[in-house]
Participant: 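Below are the structure tokens for one structure; questions will follow.
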Amino acid sequence: MASDDLPLPHTLRCSLQKCFCALQEQHETWKSALSACTSLLGSLSNLAEQMQASQKVAFANTPLRDFPSLPERLRCRQQCAAEALMEELWGKLFELQKVRDTVGIRVASVFQLYEQQEGLGQESTFQRSVLCPSLADMLEWLLDVEGFYHSICLEVKMLLLQVTYEDLPKMQTLPQAWEQVLQHSLQNVVEDVILKVSFFLEAG
């Protein structure tokens, strides 16, 4: 029945279904990594606020003046904490990039198989059915998803590259900058594609 709904070669149909199933799985990892970034950037912002407040304390005018090494020890401890948070954030970016690359490999495999098909006419490429989108639609959606992942990964990387301990006020604005990235990532590009191919996947 599935083959009657959409006249696709069996190998290409299977490749598309595997690709979309992998996309579903990978997108859960993607969302988890983004959520973790939100928490980590919030912690980094709070730490930057503490670091800036510590710099304003005149330790010489407090009972802590008997501990002259305290300011430097405190600064080192805070910077170590910030570096640990940054290490976790770079780790989350790696997870996002891994999702991007895994999906990209699947998409490339689909297109390679598509290009190898002989006798797949224009009518078959653009034909839709009640249950299935057209092949042209699905190929276009895969390119949209791939471009979406690339774009968000680049935004996250650029945000992390801008973090510097010499600019604590800017570090404190990281959650606001992150919200802009999240707004782009919440365009539902991937979710919309998964929804559009749900019947195609169920058709098997």
Participant: Ignoring hydrogens and angles, write down the donor-acceptor pairs under 3.5 Å from the side chains of residues 99-113, residues two or more places apart or on other chains.
Facilitator:
unit_1 : atom_1 : unit_2 : atom_2 : d
T102   : OG1    : K98    : O      : 2.7

Participant: Just do the side chain to side chain contact (heavy atoms under 4.5 Å, CB included) check on W30 and V190 with the steps written out, would you?
Facilitator: CA-CA 11 Å; W30 174 271; V190 180; over 6 Å; no
Participant: Which residues pass the side chain to side chain donor-acceptor pair (under 3.5 Å) test with Q97, sequence neighbours left out?
Facilitator: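 Once residues adjacent in sequence are excluded, Q97 has no partner under the side chain to side chain donor-acceptor pair (under 3.5 Å) criterion.
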Participant: If hydrophobic clusters are built by linking Ile, Leu, Val, Met, Phe, Trp and Tyr wherever their side-chain heavy atoms come under 4.5 Å apart, do L195 and L23 end up in the same one?
Facilitator: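 L195 does not cluster with L23.
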Participant: Could you check whether atom CZ of F94 has more than 12 heavy atoms from other residues, nucleotides or ligands sitting under 6.0 Å from it?
Facilitator: no
Participant: So, T173 side chain and Q176 main chain: donor-acceptor pair closer than 3.5 Å or not?
Facilitator: no
Participant: Please report the interatomic distance CG(L201) to NZ(K196), rounded to the nearest 0.5 Å.
Facilitator: 14.0 Å
Participant: Considering all heavy atoms of both residues, which atom of K92 and which atom of A33 are nearest to each other, and what is their separation?
Facilitator: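 Heavy-atom minimum between the residues: O-CB, 4.1 Å.
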Participant: Name each donor-acceptor pair under 3.5 Å that joins a side chain in residues 37-48 to protein atoms two or more places apart or in another chain, with its distance.
Facilitator:
unit_1 : atom_1 : unit_2 : atom_2 : d
T38    : OG1    : L34    : O      : 3.2
T38    : OG1    : W178   : NE1    : 2.7
S43    : OG     : S39    : O      : 3.2
S45    : OG     : Q172   : O      : 2.8
N46    : ND2    : G42    : O      : 3.3

Participant: Without placing hydrogens or testing angles, list every side-chain donor-acceptor pair under 3.5 Å for residues 140-153, not counting sequence neighbours.
Facilitator:
unit_1 : atom_1 : unit_2 : atom_2 : d
Y149   : OH     : H27    : ND1    : 2.8

Participant: Taking only residues two or more places apart in sequence, or in another chain, which ones meet E115 in a side chain to side chain donor-acceptor pair (under 3.5 Å)?
Facilitator: none
Participant: Atom CE in M86, atom CE in M171: separation rounded to 0.5 Å?
Facilitator: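 Nearest 0.5 Å value for the CE-CE distance: 7.5 Å.
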Participant: Out of curiosity, E179 CD to L174 CG, how far, rounded to the nearest 0.5 Å?
Facilitator: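 If we round to the nearest 0.5 Å, E179:CD and L174:CG are 12.0 Å apart.
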Participant: Would you check if K157 and W90 make a side-chain contact, meaning some heavy-atom pair closer than 4.5 Å?
Facilitator: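 K157 reaches W90 side chain to side chain.
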Participant: Enter the distance from M138:CE to C19:SG here, rounded to the nearest 0.5 Å.
Facilitator: 10.5 Å
Participant: Hey, what do you get for CZ (R13) to CG (L135), rounding to the nearest 0.5 Å?
Facilitator: 10.5 Å
Participant: Under the side chain to side chain donor-acceptor pair (under 3.5 Å) rule, collect the residues that match up with E166, sequence neighbours excluded.
Facilitator: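 Per chain and number, E166 pairs via side chain to side chain donor-acceptor pair (under 3.5 Å) with T164.
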Participant: Q162 and K170: which non-hydrogen atoms are nearest, and at how many Å?
Facilitator: OE1-NZ, 3.7 Å
Participant: So, taking the atom named CG in L96 and the one named CG in L154, what distance separates them when rounded to the nearest 0.5 Å?
Facilitator: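 Between L96 CG and L154 CG, I get 12.5 Å after rounding to 0.5 Å.
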